Amino acid sequence: MKQLKSLLFSAAVIILAFSCGQKQETVPMDQHSIIPIPVSVVPAAGSFTLDGKTAIVLQADPAQVQLIGEYLKSSISALTGLNLNIAQEDRDNAIVLALDASASDKEEGYRLAIMDKKVLISAPQPAGLFYGIQSLQQLIPAHGGKIPGVNNQFSLPQGSIEDYPEYGYRGMMLDVARHFFSVEDVKKLIDQIAVYKINHLHLHLSDDQGWRIEIKSWPLLTTIGGANEVGGGKGGYYTQDDYTEIVRYAQSRFITIVPEIDMPGHTNSALNAYGILNPGITVPEATAVPVDRKALGVDEEDPDATPYHTGIEVGFSTLDTDSPVTYKFIDDVIREISELTPGPYFHIGGDESHVTAMEDYIPFIEKAQEIVTKYGKKTLGWDEVAHAKLLPTSVAQYWAKAENAIMAIDQGSKVLISPAVKAYLDMQYDSTTHLGLHWAAYIELDEAYNWDPTELEAEIRREHILGVEAPLWTETITTMSDIEYMTFPRLAAIAEIAWSPKTARNWEDFSRRIAWHGQRWEAQGKNFYRSPKVEW
Ligand code: TNX
């Protein structure tokens, strides 16, 4: 009996030891997997133990940081299963979020110190706290799902990080016009890109195939123009309330929404709705589909309106640049969207207007720019807009032609760097990729990583560059899972180019760090491309 008791006792001891007794190995801070790589990481010996008793302490006006504290709480809960309390008083075993002007002289900078009994994230602005949280989350050795932590304790390496971004504009673009994506999908994407300190989401809200945002003064844009997509599906659109919800959600993740209405080309979805805007363009016959206005609840026929474009050919449409109605139309559209948009930019597109004569294109862009200015926004446009006289506050988005980007610079404008051959997320990874296009290039992960905005052209120098953006065009992309597959891992590479100093970047090290992210994505059920260049 005694023997049996002692046997049971030892068994219990062993089970306890395995189930909750020991702590995990701590990976030292200099072997971290943080993406984008921070400016400076100084490891120290020892660890901090995150457990159910750890508190989140807010050392700032709650109005400014309460939501950030809650974001941290829910992120930690998703990763570890721990449910932390939020408190105001300082104490041991705490993650402290402190607004502190001396933490960094950079607007979006932050400091993260992990000590024996405390984690301190300090920053001059709430945005910096949010970025500090992103780095902290990438030091937590658990990915959610099946949690590897023992005894509900998670061991974080001691050390300190000082960090700030290279560029103030770190963006992604989602084309919701070729295929429409729901508010829920866009929110999910916002959460995914915020992890990589992306701070702008450009929404391509209109194109030949679909008009995706409600304009109250031109209601048929959505009833008719919204009811189509590539392949001829039913499309969809955001009500103004939906758009506002996206804007607010993005704000809570320190992401600015940049709305784009592409003009004067890429406008067939407006010409579907209002024949009065149509200068007499021809929709490619093979993919033209008549609009059944009755079926959409619109009684009047409009013989001047165009058929739907269900294909992916570009460059056949234009607004009538001579007609006063056109300017009334774009004034209304820019006004209504600007009123819903707190961010500083309105993107007027301006690309591939192949059927607009240059002598018409130039004054059109200049007028559109004036209207954007009238409604208090700065103009963004694809690089072709540099043919027009740009305001110094306007920004040209370099996607195709360096000479256009240089023309913009020569006029005193800044450029946003999105070269199709490096930064286009719709380009296939290689010839076997089942989604995407390859007109610009195949872009493997190392190709997406190994470049620098200042090394593309001698004339495009650091001081001319506003930032970097990775666009995802969606001719071939129809689901959230498709979005994830084309976006990850490449967006992480672009994010590192936009955030981290050139001197801190290195492909070998990135390929090691990204493998860790692959594990986290896998645990989170996120789709991504398992590049053969990485040992996942
Ligand atoms: C070019 S990039 C376009 C888009 C297409 C994209 C496909 C740009 C300004 N125009 O209309 O969707 O290629 O990669």
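The figures that follow rest on heavy atoms only: side chains count, while hydrogens, waters and symmetry mates do not. Note that ligands are numbered from 1 as they come in the structure, with each ligand's atoms numbered from 1 the same way. Since the structure is predicted, the reported quantities are computational estimates derived from the model, not experimental observations. All residue numbers in this chain count up from 1 along the given sequence.
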*Taking the six-membered ring for Trp, are the ring centroids of Y237 and W211 within less than 6.0 Å of each other?*
no

*Which ligand 1 atoms, with their elements, are less than 4.0 angstrom from a heavy-atom of L437?*
7 (C), 14 (O)

_Please list the nearest protein heavy atom to atom 2 (S) of ligand 1 with its residue and the distance rounded to 0.1 Å._
Y424 OH, 2.4 Å

_Whether D509 and R512 form a salt bridge (side-chain N of Lys/Arg under 4.0 Å from carboxylate O of Asp/Glu) is what I want to check._
yes

*Closest protein heavy atom (residue, atom, distance) for atom 1 (C) of ligand 1*: E352 OE2, 3.4 Å

*May I ask you to decide whether E459 forms a salt bridge with R461, counting only side-chain N to carboxylate O separations under 4.0 Å?*
no

*Crowding at NZ, K374 (>12 non-hydrogen neighbours, <6.0 Å)*: yes

_Between R178 and D175, does any NZ, NE, NH1 or NH2 come within less than 4.0 Å of an OD or OE carboxylate oxygen?_
yes

*Would you mind running through ligand 1 and noting each atom that sits below 4.0 Å from a heavy atom of E475?*
5 (C), 7 (C), 12 (O)

*asked:* List ligand 1 atoms under 4.0 Å from M427, heavy atoms only on the residue side.
replied: 14 (O)

*Polar-atom distance check: W382 versus ligand 1, any N or O pair below 3.5 Å?*
no

*Quick one: does D351 get an N or O within less than 3.5 Å of an N or O on ligand 1?*
yes

*asked:* Please work out, at 4.0 Å between heavy atoms, whether the side chain, the backbone, both, or neither of I312 comes within that distance of ligand 1.
replied: neither

*Can you sort out which atoms of ligand 1 are near D426, meaning under 4.0 Å from one of its heavy atoms?*
7 (C), 14 (O)

*asked:* Does any N or O of ligand 1 fall below 3.5 Å from an N or O anywhere on R178, backbone included?
replied: yes

*For ligand 1, which atoms sit closer than 4.0 Å to a heavy atom of W439?*
1 (C), 7 (C), 13 (O), 14 (O)

*asked:* Suppose we call two aromatic rings close when their centres sit under 6.0 Å apart. Are W521 and F488 close by that rule?
replied: yes

*Step through it carefully: locate the ring centre of Y110, locate the ring centre of Y131, and say whether they are under 6.0 Å apart.*
no

*With the threshold set at 4.0 Å, does a side-chain nitrogen-carboxylate oxygen contact exist between R505 and D452?*
yes

*N/O to N/O below 3.5 Å, does that happen between W399 and ligand 1?*
no

*Which of the numbered atoms in ligand 1 are below 4.0 angstrom from a heavy atom of H266?*
11 (O)

*Ring centroid separation H517 to F528 under 6.0 Å*: no

